[in-house]
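Report on one structure; see the data block that follows.
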Amino acid sequence: MKYKNYHIEKIHDYLFEIPAVDNMLVPGRIYVTEKMMDTIIEEDESIQQVINVAQLPGIQKYSFGMPDIHWGYGFPIGGVAATDYKEGVISPGGVGYDINCGVRLARTDLTVDDIKPHLRKIIVNLFKNIPTGVGSSGAIRKLGDKDMKRLLREGMSWAVENGFGDSGDLENTEEKGVLKQAEPGAVSQRAIERGKPQMGTLGSGNHFLEVDVIDTIYLPNEAEILGLFKNQIVIQIHTGSRGCGYQICDDFLKILARASQKYHISLPDRQLACAPIGSQEGQDYLAAMAAGANFAWNNRQVIMSLAKKTIMETLFISPSDLNFSLVYDVCHNIAKIEKHKVEGKERKLCLHRKGATRAFPPKHPDLPPKYQEIGQPILIPGDMGRYSFVCVGTQKAMEETFGSTCHGAGRLQSRKKAKMMGKGRDLFNEMEKMGVFVLAKGYHTVAEEMPYAYKDVATVTDVMEKAGISRKVAKLKPIGVIKG
DNA sequence: ATGTCC
């Protein structure tokens, strides 16, 4: 089949392949419908980016695109690339600027009827207690060098030991909230300084904290094990490593641009700057990126703990009445060292997931005991007006995509166009008419994040479900949102 | 995404 300049083969209704030609070391594989493929080719260069990534030294099996694929820095957002640990490279472009950007979901025992009369007050207080917006700070005391270095090295246990949340939260976080290869010494002082005042802050753009209602249950057994039921109130948090992770990425893009030359790696795009994983530069990036990931886990943990406290204080209820707990926390911008089967042989790989979520199957040793039977929980946020999905991973994901799936809706309109669309309207009121009470620092951010600016996330999760990669457990509808 | 330019 010929799509514009690309030769693309249809594998099945939800999967297309770009054969390995020229400098491609592996084929590209993109999980989309034919209709989606048309629009993707129409709107950006992300297909070319899949082809570019397929040229990275040591890449295994395929350069993947998920149905929410769009143009990103070097790698597409919605891209997955596994490189061989011994012969392959690691690239900051395959992680993104927001290191360990991710999503967490917390459950409560409250129902929508319990909360409806108090919703506005809850959102007002959440907005008061959790700083949002670019450059936001001051959620908790400004951290010192000692705290920063400890949390960068040790991960989310820092937050738990400092009174933010419970030790049980660690088990319900991907990697138990710590990448052990983290080395604070690999992180610049500037990145550390930027992190100090920002712990527990939400940030801007598509980051949010939502009060959601469980709208639909698709898989009752899985939902029960996750502690989810119809009409239940849950809290969803989407944020990352703030200025700290941004600075780490920025620092290492420069270092790895030099390394690409030093190790004579020929690249189709300078933005794919990378280094052999085993090189000093590669190991330093891995150590710094892991530290940035550890910052992000602490950030989501502190925010969740502030949210729990805010809800209890607003409703005058006890912890046992609220019965608040973390369902799961996933990363969707990260590089992980994982073991996977390639052509029947187990290999140590570096999994770049950029705008892509881990989707491990039932019985995987990295899952908490209580989720062994159902597979890894996957959190796929949609736009702030429609819905989000909770899914679980499958064995097929492990065999086909190195245990990976999609991560969200993806934009329909550019930020600029969405901003234009919002001019002269009362978007807060429009959201309220949709049944969502929104508080945000900036009107521009609300315009950029309006439902009309996003694709329907249901079409994205459905592709991954039809392809057998991840399965929908529940649909969540927002009723209250705080944003940057 | 990001003290939206050290």
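A note on names: the letters A, B, ... follow the listed sequences, proteins ahead of strands, and every chain is numbered from 1. Heavy atoms only: backbone and side chains are in, while hydrogens, waters and symmetry mates are out.
In this structure, Gly240(A) reaches neither bases nor backbone, as no heavy-atom distance under 4.0 Å exists between it and the strands shown. Counting non-hydrogen atoms under 4.0 angstrom, Glu193(A) reaches nothing in the nucleic acid. Counting non-hydrogen atoms under 4.0 angstrom, Ser137(A) reaches nothing in the nucleic acid.
In this entry the distance linking NZ of Lys441(A) with C1' of dT4(B) reads 16 Å, nearest Å. Distance Gln247(A) CD to dC6(B) C1': 10 Å, rounded to the nearest Å. Atom OH in Tyr97(A) sits roughly 11 Å away from atom P in dC5(B) (whole-Å rounding). The distance from atom NE2 of His207(A) to atom P of dT4(B) is 16 Å, rounded to the nearest whole Å. Taking atom OH of residue Tyr73(A) and atom P of nucleotide dT2(B), one finds them 18 Å apart after rounding to whole Å. Taking atom CZ on Arg242(A) and atom C1' on dT2(B), their separation rounds to 8 Å, with Å as the unit. Atoms CD (Gln198(A)) and P (dT2(B)) sit 8 Å apart, rounded to a whole Å. When rounded to the nearest whole Å, the span between NE2 of His444(A) and C1' of dT4(B) equals 12 Å.
Between His407(A) and His70(A), the angle of the ring planes stays under 30°, which puts this pair in the parallel group of the 30/60° scheme. The aromatic rings of Phe402(A) and His340(A) sit perpendicular, their planes meeting at an angle over 60°, well past the 30° parallel limit.
Looking only at atom types and distance, the side chain of Tyr443(A) has no donor-acceptor partner in the side chain of Asp426(A) under 3.5 Å away.
DNA chain B is contacted by both Asp250(A) and Arg411(A); Arg411(A) maps to the nucleotide lying nearer its 5′ end (nearest heavy atom per residue).
For the pair Leu253(A) and Tyr73(A), the minimum side-chain heavy-atom distance is below 4.5 Å.
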